[in-house]
2 protein chains.
Amino acid sequence: MAFAAQRFADNGYHPTSVAEIVEGLGVGKGVFYWYFDSKEELLRAILADGQLDLRRRQRAAITGATTPLERIERGIRASIEWSLEHPVFFRLFQFAATDDRFTENLRKGEQVAVRDAARHLADAMDAGEIPEADPKLQAHAMLGVSSHLVHLVHRGLLDADEAVVDTAVSFCLHGLQGPRPA
Amino acid sequence: MAFAAQRFADNGYHPTSVAEIVEGLGVGKGVFYWYFDSKEELLRAILADGQLDLRRRQRAAITGATTPLERIERGIRASIEWSLEHPVFFRLFQFAATDDRFTENLRKGEQVAVRDAARHLADAMDAGEIPEADPKLQAHAMLGVSSHLVHLVHRGLLDADEAVVDTAVSFCLHGLQGPRPA
DNA sequence: TCCGTAGTTGACCGATCGGTCAAGAGGCCC
DNA sequence: GGGCCTCTTGACCGATCGGTCAACTACGGA
């Protein structure tokens, strides 16, 4: 799966053939179809693996935080860092988001994460830490900032500086904050 | 090109064959290869068309604005509205961003837009409208928010409400604003 | 020792791919 | 009318695709 993921990320899902994968692994084609029903199922399994790992990282990052806003910040940081460390998974997520065969697989995991973030946002609103707004929309906005910036780093258009992470976090946090009461 | 763009957006670039396109158009295959060198070149032409149109819209939206920040806001609004009105182009942009064969084509257009936005951000900083920060990073952050939200609308997970646009704009503007001096 | 099963092989399948090209249609100028 | 050029056709090409399957190997238990 790791090898296949690498090839999918490098050459694209469609242009990468099953023959290419098994050849690179030095095994027969039968092995592939013994473990997976199809090439499509392979990618689904890879995506599920990645989502699980990201989710674990997010949960771990959040524990220990005391305020809702701190949970949000840690969640963003963890997501960005994970995405920077796992360019292969990240690229596959991006691809899967553009292909109707796979969007459904992403949706579930993404919605869990967004719902989670939205809950913390709602908590922060209740606590008066940030003004009232649609928490889900804001969670998605933060996701947009993070993933786009990560995308740029992976494309080599941005240095994998910690300044990127800080800028993303700061942008998101202040975006949430809205106009401060004087 | 419009027909091909539609099919590429609906079924994906790779799964859509040239045969499918010419058949849908009711013409012979030779016609296709008379006007385009390859399937790849066709998509490139479509992408260029879309980028040109978006760029025009952005420029038109900005003219007449008096302050840098107003230019930024109008630019965001125009980009989001255009993307909502052109789901086919938007999807193709998203796909192209995930495929190395086409990223280079997007980069140029994207960089022009980002450089433009960054210039207005720098102007706003000089005018003291927003605090100092890396304008390019911020421009990309705004692009991330916009495109992710548009993506959700196209996937049907969000209503094409004007609230979406307003939230995006507000999130971006306050994200730029940073911590207000008390 | 021998059988059963899990795991593996790679030749093979029909379908389809992007792309080619010889043939010809239609119109324009001389 | 006849040569010419633009445009169109669709049969055809070799390559390759995802997927199948009969044959085979390795090995643990009886």
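Between B:Phe89 and B:Leu47 there is no side-chain heavy-atom pair separated by less than 4.5 Å. Contact of the B:Val18 side chain with the B:Tyr33 side chain is registered, since non-hydrogen atoms from C-beta on lie closer than 4.5 Å.
The interatomic distance linking A:Glu41 (CD) with D:dG19 (C1') rounds to 14 Å, in whole Å. Between the OH atom of A:Tyr33 and the P atom of C:dG10 there is a distance of 16 Å, rounded to whole Å. Look at CG on A:Leu25: it is 11 Å from P on C:dT8, rounded to the nearest Å. Distance CZ (A:Phe36) to P (D:dT20): 15 Å, rounded to an integer number of Å.
The two residues A:Phe36 and A:Met1 have their closest heavy-atom pair at CZ-CG, 3.7 Å.
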(message) Return a single string for nucleotides 6-11 of chain D, one symbol per nucleotide in 5' to 3' order, where B is base contact, S is sugar-phosphate-only contact and - is none, cutoff 4.0 angstrom on heavy atoms.
(response) SBBBB-
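The pair B:Glu104-B:Lys108 does not meet the salt-bridge criterion, since no charged nitrogen lies less than 4.0 angstrom from a carboxylate oxygen. Using a cutoff of 4.0 Å between basic side-chain nitrogens and carboxylate oxygens, A:Arg119 and A:Asp116 are scored as salt-bridged.
No donor-acceptor contact under 3.5 angstrom links the side chains of A:Gln94 and A:Arg91, judged on distance only. Checked by atom type, the side-chain pair B:Gln138/A:Thr167 shows no donor-acceptor distance below 3.5 Å.
A donor-acceptor pair under 3.5 Å is absent between the side-chain atoms of B:Gln6 and the main chain of B:Val88, judged by distance alone.
For the segment residues 6-22 of chain A, the set of residues with a heavy atom within less than 4.0 Å of an atom of DNA chain C is empty.
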